[in-house]
Amino acid sequence: MSQHVRVRFAPSPTGPLHIGGVRTALFNYLFAKKHGGTFILRIEDTDQNRYVPGAEQYIVDSLDWCAIPFDEGPGREGDFGPYRQSERKDKYYAFAKALLASGNAYYAFDTAEKLTFHRKDHEAKGKTFIYNWHNRLKLDNSLSLSEDDVQKRIDNGEDYVIRFKAPQDETLHLQDEIRGDIQIDTNILDDKVLFKSDGMPTYHLANIVDDHLMKITHVIRGEEWLPSLALHVLLYRALGWDVPKFAHLPLILKPIGKGKLSKRDGDKLGFPVFPLQWEDPKTNETSSGYREDGYLPEAVINMLAFLGWNPGTEQEIFSLQELIDAFDLTRVNKAGAKFDPEKTKWFQQHYLQKADNAFIAKEFMGLLSQKSIVTTTEYVEKVVALIKERAVFISDLWNLGSYFFQAPSAYDEKAAKKGWKEHTGDIMKEVITVIDQVKVFDSKSLQEAVKGWITSNELGFGKVMQPLRLSLVGAMQGPDVFDIAITIGKEETIHRIQKAIDHLS
RNA sequence: GCUCCGUUGGUCAAAUGGUUAAGACACCACACUUUCUAUGUGGAAUUAAGGGUUCAAUUCCCUUACGGAGUACCA
């Protein structure tokens with residue numbers, strides 16, 4: 001790539017950033033970094049009606065949490081700002097004017113009501129109303145009206161929009177980096193509005209103007225934009241600009257059922273659809289986020305990278321740097337991918353196992369202090385080392401290992417019934433004595449003492465080991481019993497056995 | 001409806017004009033921990049259908065079916 005790569009992620013701040021949006025951002029980021037390029041965040045807020053406070057900050061926070069920060073954007077000014085379209089308002093009109101002057105665009109006065117009427121009317125007849133070559137001369141615009149009329153209406157302050165005049169009888173050959181050649185007959189295109197009556201450009205105009213002004217080399221966006229590609233290319237052509245390369249990413253679909261992944265799927269199936277928790281300022285409704293649910297950003301990124309892309313090797317675990325090195329647009333899939341929450345958990349579990357015990361312990365300490373448990377970092381690290389392999393999330397650690405911090409207050413009924421028999425109490429009394437006599441209280445000595453005692457008394461392991469576990473844990477789970485005993489200490493071990501004898505015998 | 005895009009196990013997916021059509025998740029079984037996980041081993045399961053082209057098609061072409069997106073003065 002000879003020119004400096006510049007890509008952009010251009011969301012509109014209409015709510016929290018959806019996981020599909022995060023993936024689009026990720027692929028842009030990976031592509032930029034792979035080619036030593038620049039990753040830009042541009043806020044597309046040309047529709048003032050849909051503006052949601054906090055949404056922009058949410059987008060910025062999400063990208064930062066995912067560790068895919070943008071190089072240029074709001075608050076990180078480069079040479080191409082501002083990066084909010086609402087702040088670039090004055091830039092667009094000149095280009096709409098230029099299009100008007102070159103005959104590629106025209107004024108249109110048709111009211112929204114009238115257009116709605118046409119659409120309904122056509123629909124009733126089983127047809128589709130398209131504002132384009134076959135009817136534009138019959139509608140209320142500068143193509144059908146005299147120059148004087150047009151001027152008069154504008155001078156009178158009448159509302160108008162500027163529409164693109166789509167060319168006729170042409171077959172366009174569009175290039176997509178993922179899909180290859182796409183042919184479009186220009187006669188099916190409609191004359192899209194470029195400039196709205198409120199003085200703001202539409203997405204289409206603002207988008208290509210900014211991409212040009214910001215020297216964007218590659219437009220990597222969701223497949224929902226594919227139908228607009230012809231318009232955009234035509235716009236570049238009409239303005240006499242170089243066309244960037246385009247790549248349309250496959251959509252992320254619902255895990256079950258039909259259609260695009262939506263906010264509701266997450267609620268229904270119990271997994272987050274957003275990177276960060278979001279509270280809707282209007283409804284006060286809270287949507288869960290990956291961060292708050294305990295996912296590590298590395299896991300989310302790794303999972304997202306594999307949705308619609310793969311390296312063609314058997315490697316599945318990738319660090320961000322490895323993703324950058326391996327990423328290739330041509331290896332992006334064409335078909336939409338169903339989202340799999342289970343696989344996300346698998347990635348999460350993997351990254352948690354890989355995470356540093358000190359880090360996990362630190363996070364876990366926060367949870368413990370919420371439960372008013374006083375302990376030491378050293379002790380928590382020991383516990384983490386013993387139980388983390390059973391955990392997917394840090395929050396699992398409590399259910400997995402609460403007995404390291406407090407004696408069981410109840411005993412699993414099934415296990416007690418199965419493991420605690422009539423003579424168990426007597427046996428356990430003897431076990432206390434055996435344990436008490438162990439001088440060096442480490443796993444090896446303890447194990448030798450207890451197992452030796454079992455063997456020489458011909459008791460059978462199950463008769464001792466199971467009640468012992470039940471005494472210490474309260475249930476039939478957890479790591480090696482001797483490790484548990486060593487960790488909680490001799491005194492506590494004996495104390496718990498005695499307690500179990502009192503309760504269960 | 002129309003336009004465009006797509007279709008390999010339940011899901012994510014690799015590969016090639018000639019292979020036993022990888023691998024992962026999930027599922028099942030077994031082993032290992034005298035517990036629960038984790039792990040290991042194995043199993044079941046796929047080229048949407050029908051036509052061509054070809055010695056040979058999952059791969060190239062066509063049709064059908066199915067899925068998706070778009071069809072706004074929203075992005």
Side-chain angles (χ1 to χ4, degrees), chain A residues 10-14 44-47 49-50 85 108 110-112 115-116 119 122-123 125-131 159-163 174 176 178-179 182-185 187-190 192-204 206-207 221-230 248 250-251 253 255-256 258-260 303 306-317 331 333-347 349 353 387-392 396 400 412 415 419 460-466 468-470 473 475-481 484:
Chain A
S12 63
T14 54
E44 308 228 328
D45 53 353
T46 50
D47 185 5
N49 301 323
R50 296 212 305 159
Q85 289 185 330
D110 317 86
T111 61
L115 293 175
T116 311
R119 275 188 203 105
H122 279 246
E123 203 180 314
K125 292 174 191 157
K127 291 193 232 164
T128 309
F129 175 77
I130 305 176
Y131 202 127
D159 274 354
Y160 66 85
V161 298
I162 297 172
R163 281 181 184 273
L174 309 171
D176 181 271
I178 296 167
R179 279 153 231 277
I182 297 165
Q183 290 188 29
I184 299 283
D185 174 3
N187 287 344
I188 58 115
L189 263 25
D190 59 343
K192 280 273 184 259
V193 172
L194 300 177
F195 218 82
K196 300 185 269 190
S197 56
D198 65 359
M200 287 293 265
T202 58
Y203 166 82
H204 301 292
N207 187 264
R221 63 202 336 182
E223 193 186 331
E224 67 267 29
W225 294 111
L226 202 48
S228 308
L229 180 58
H248 291 87
L251 263 10
L253 277 15
I256 47 175
K258 298 174 173 184
K260 255 204 298 198
M303 173 276 290
F306 271 73
L307 225 44
W309 172 85
N310 78 82
T313 66
E314 287 190 10
Q315 184 181 354
E316 278 201 282
I317 299 299
R331 289 203 66 90
N333 279 100
K334 296 180 179 78
K338 284 191 177 175
F339 183 75
D340 184 357
E342 288 303 320
K343 188 107 189 200
T344 313
K345 277 194 185 157
W346 179 78
F347 277 113
Q349 190 221 3
Q353 298 314 312
I387 61 174
K388 81 161 177 185
E389 71 171 18
R390 295 159 176 78
V392 175
D396 292 340
L400 254 20
D412 183 76
F461 284 91
K463 282 187 183 161
V464 178
M465 300 298 281
Q466 289 188 27
L468 183 54
R469 175 175 295 280
L470 195 60
V473 176
M476 299 311 281
Q477 54 144 300
D480 184 78
V481 211
I484 297 173

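In what follows, every chain begins at residue 1, and chains take the letters A, B, ... in the order their sequences are listed.
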Show the distances under 3.5 angstrom between N or O atoms of the protein and N or O atoms of nucleotides 24-28 of chain B.
from: B/rA24; atom 1: O4'; to: A/Glu316; atom 2: OE1; distance (Å): 2.9
from: B/rA24; atom 1: O2'; to: A/Glu316; atom 2: OE1; distance (Å): 2.6
from: B/rA24; atom 1: O2'; to: A/Lys343; atom 2: NZ; distance (Å): 2.7
from: B/rA24; atom 1: N3; to: A/Lys343; atom 2: NZ; distance (Å): 3.3
from: B/rC25; atom 1: OP1; to: A/Trp346; atom 2: NE1; distance (Å): 3.2

Taking the nucleotide of RNA chain B with the nearest heavy atom to each, does A/Ala475 or A/Gln349 sit closer to the 5' end?
A/Ala475
Would you give a per-nucleotide map of nucleotides 62-73 of chain B, 5' to 3', where B means the base has a protein non-hydrogen atom under 4.0 Å away, S means only the sugar-phosphate does, and - means neither?
-----SSSS-SB
Measure from the side-chain N and O atoms of A/Arg331 to the backbone N and O of A/Trp309, and report whether any donor-acceptor pair falls under 3.5 Å.
no
Using the C1' atom as the reference point in each nucleotide, state the distance between B/rC73 and B/rA14 in Å, no decimals.
47 Å
Base, sugar-phosphate or nothing for A/Thr313? Non-hydrogen atoms, less than 4.0 Å.
nothing
How far does the P atom of B/rG9 sit from the matching atom of B/rA72, given to the nearest Å?
35 Å
Using atom P in both nucleotides, what's the gap between B/rG50 and B/rA44 to the nearest angstrom?
25 Å
Mind telling me whether A/His122 and A/Phe129 have parallel, tilted or perpendicular rings, with 30° and 60° as the class edges?
perpendicular
Minimum-distance pair of heavy atoms, taken over all atoms of A/Val193 and A/Thr202
O-OG1, 2.8 Å
Search all heavy atoms of A/Asn207 against all heavy atoms of A/Gln85 and return the closest pair with its distance.
N-NE2, 3.9 Å
B/rU8 to B/rA45 separation - C1' atoms, rounded to the nearest Å:
13 Å
Identify which nucleotide among B/rG6, B/rA13, B/rC36 has an atom closest to any side-chain atom of A/Arg179, counting heavy atoms from C-beta outward.
B/rG6
Roughly how far apart, to the nearest Å, are B/rA65 and B/rC30 at atom P?
47 Å
Taking the side chain as every heavy atom from C-beta outward, state whether A/Arg179 and A/Lys334 have any atom pair closer than 4.5 Å.
yes
Side-chain N,O (A/Asn310) to OP1/OP2 (B/rA13) below 4.0 Å
no
Quick check: closest heavy atoms across A/Leu115 and A/Arg163, and the distance to 0.1 Å?
CD1-NH2, 3.5 Å
Could you tell me whether A/Lys260 and A/Glu223 make a salt bridge, using a distance below 4.0 angstrom between a side-chain N and a carboxylate O?
no
When you compare B/rA13 with B/rA38, how far apart are their C1' atoms, in angstrom units rounded to a whole number?
25 Å
Counting only side-chain nitrogens and oxygens, does A/Asn333 get under 4.0 Å of the OP1 or OP2 atom of B/rA13?
yes
Hunt down any stem RNA chain B takes part in, defined as 3 or more consecutive Watson-Crick or G-U pairs whose two distances are each under 3.5 Å.
B:1-7 with B:65-71, B:10-12 with B:23-25, B:27-31 with B:39-43, B:48-52 with B:60-64
With a 4.5 Å limit on heavy-atom distance, are the side chains of A/Leu251 and A/Glu224 in contact?
yes
What interatomic distance, in whole Å, is found between C1' of B/rU33 and the corresponding atom of B/rU41?
15 Å
A/Asp190 bridged to A/Lys192 by N-O distance under 4.0 Å
yes
Report yes or no: is there a donor-acceptor pair, N or O only, under 3.5 Å between the side chain of A/Glu389 and the base of B/rU37?
yes
Most 5' of A/Arg50 and A/Arg331 on RNA chain B, judged by nearest nucleotide
A/Arg331
Under-4.0 Å side-chain N/O to phosphate OP1/OP2 contact, A/Asn187 with B/rU3:
no
